[in-house]
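In what follows, a single structure is set out as structure tokens and then discussed.
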There are 2 protein chains.
Amino acid sequence: EQPIITGIAMQDNQTKFTLHGVEDTPGNASGILGPIGDAGIDVDVIVQNVSVSGKTDFTFTIGNSDAKKAQKILESNLIKVNYDKLIVNNEIGKVSIVGVGMRSQSGVASIAFKTLAENNINIQMISTSEIKITLVISLKDMNLAVKSLHKAFNL
Amino acid sequence: EQPIITGIAMQDNQTKFTLHGVEDTPGNASGILGPIGDAGIDVDVIVQNVSVSGKTDFTFTIGNSDAKKAQKILESNLIKVNYDKLIVNNEIGKVSIVGVGMRSQSGVASIAFKTLAENNINIQMISTSEIKITLVISLKDMNLAVKSLHKAFNL
Ligand SMILES: C[C@@H](O)[C@H](N)C(=O)O
Ligand SMILES: C[C@@H](O)[C@H](N)C(=O)O
């Protein structure tokens with residue numbers, strides 16, 4: 001099945017929260033997102049990779065307008081969730097390659113990664129699905145990223 | 001916009017590769033996926049979280065039948081990509097909550113996380129999009145995960 005790229009989407013008004021060093025045991029993902037959701041905060045990207053030493057990082061992005069509220073919750077309203085450090089970054093941009101049939105994404109993802117590498121743009125986060133390859137990069141790199149990806153995918 | 005959950009998808013024939021301690025500098029994501037893609041290996045989930053100390057983990061899943069080939073490439077065919085350790089795990093299962101309008105995912109993700117937590121199922125990896133919340137868990141937890149998620153979402 002040949003992937004069809006339909007567009008490059010971008011978002012530059014988000015804040016990324018990383019709970020660094022969350023214990024990788026049942027209940028912590030729920031313990032973090034529960035209070036955030038209860039406060040009516042919409043969450044966009046959620047990324048968590050595997051733990052290598054019993055601890056992992058739990059990262060999510062939200063709109064800038066909810067950032068203060070979210071920070072307060074994470075710093076004082078979590079129940080039974082331990083983490084080492086909270087990292088907040090609003091100098092991020094989200095760029096997504098949107099398409100269909102990206103089931104075997106290696107080809108499309110490879111082109112995207114290569115394009116950014118050639119433009120010396122660092123990829124901070126990656127999260128993929130059959131219809132979307134989502135990349136979080138530095139806000140300052142956004143224009144160049146979107147422009148070069150459009151060119152790379154003939155859009 | 002109210003999210004509509006259309007189903008719980010599962011996959012139990014994948015192998016997860018984690019390159020632990022990849023330098024978080026431009027070119028490494030491309031350096032890893034390029035050779036994998038060139039070998040005709042289809043990649044399913046790709047997850048990379050932020051680096052906290054200049055290094056990060058790059059994880060992807062592929063079908064079990066490609067695992068031997070992928071391992072060989074990662075151990076000897078990468079060019080200019082340094083990493084500390086390669087972690088291979090085929091005792092994993094992928095369970096996804098599929099729907100539409102999960103733009104504000106906190107509600108749906110919260111229910112999913114809570115359901116697994118209540119069943120003492122550890123969530124190893126998380127990757128989300130508007131149409132899919134993808135969770136990687138232990139293979140042995142798959143049946144219970146799928147059953148309890150069906151119940152939680154009234155499917
Ligand atoms: C880190 C967090 O996701 C944990 N593994 C959990 O299942 O809740
Ligand atoms: C780790 C890897 O993703 C790196 N940041 C890159 O841009 O290629």
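Below, read A as the first sequence line, B as the second, and so on, with proteins coming before strands; counting in each chain starts at 1.
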side-chain contact (heavy atoms from CB on, under 4.5 Å) evaluation trace for B:Ile32 with A:Phe113: CA-CA 10 Å; B:Ile32 294 164; A:Phe113 295 169; over 6 Å; no

Engaged part of B:Val50 at the chain A interface, taking heavy atoms whose separation is under 4.5 Å: both

Is it the side chain or the backbone of B:Ile121 that comes within 4.5 Å of chain A heavy atoms, both, or neither? backbone

State whether the side chain of [X] and the backbone N or O of [Y] hold a donor-acceptor pair below 3.5 Å, judged by distance alone.
| X | Y | answer |
| --- | --- | --- |
| A:Ser127 | B:Ser127 | no |
| B:Gln48 | A:Gln124 | yes |
| B:Ser129 | A:Ser129 | no |

Verdict with supporting geometry, A:Lys132 and B:Ile131, side-chain contact (heavy atoms from CB on, under 4.5 Å): CA-CA 10 Å; A:Lys132 204 190 248 201; B:Ile131 61 156; over 6 Å; no

Taking non-hydrogen atoms and a cut-off under 4.5 angstrom, which of residues 17-25 of chain A neighbour chain B? A:Thr18, A:His20, A:Asp24, A:Thr25

Contact winner vs chain B - A:Lys16, A:Glu118, A:Lys114, A:Met125, heavy-atom pairs under 4.5 Å: A:Met125

Let me check something: do [X] and [Y] share a hydrophobic cluster, defined by ILVMFWY side-chain heavy atoms less than 4.5 Å apart, either directly or through other members?
| X | Y | value |
| --- | --- | --- |
| B:Met142 | B:Leu144 | yes |
| B:Ile133 | B:Leu155 | yes |
| A:Ile87 | A:Ile62 | no |

Region of A:Phe60 in contact with chain B, defined by heavy-atom distances below 4.5 Å: neither

Just distance, no hydrogens or angles: give the donor-acceptor pairs under 3.5 Å from side chains in residues 69-78 of chain A, sequence neighbours left out.
{"residue": "A:Lys69", "atom": "NZ", "partner": "A:Ala39", "partner atom": "O", "Å": "3.1"}
{"residue": "A:Gln71", "atom": "NE2", "partner": "A:Glu75", "partner atom": "OE2", "Å": "3.1"}
{"residue": "A:Ser76", "atom": "OG", "partner": "A:Lys72", "partner atom": "O", "Å": "2.7"}

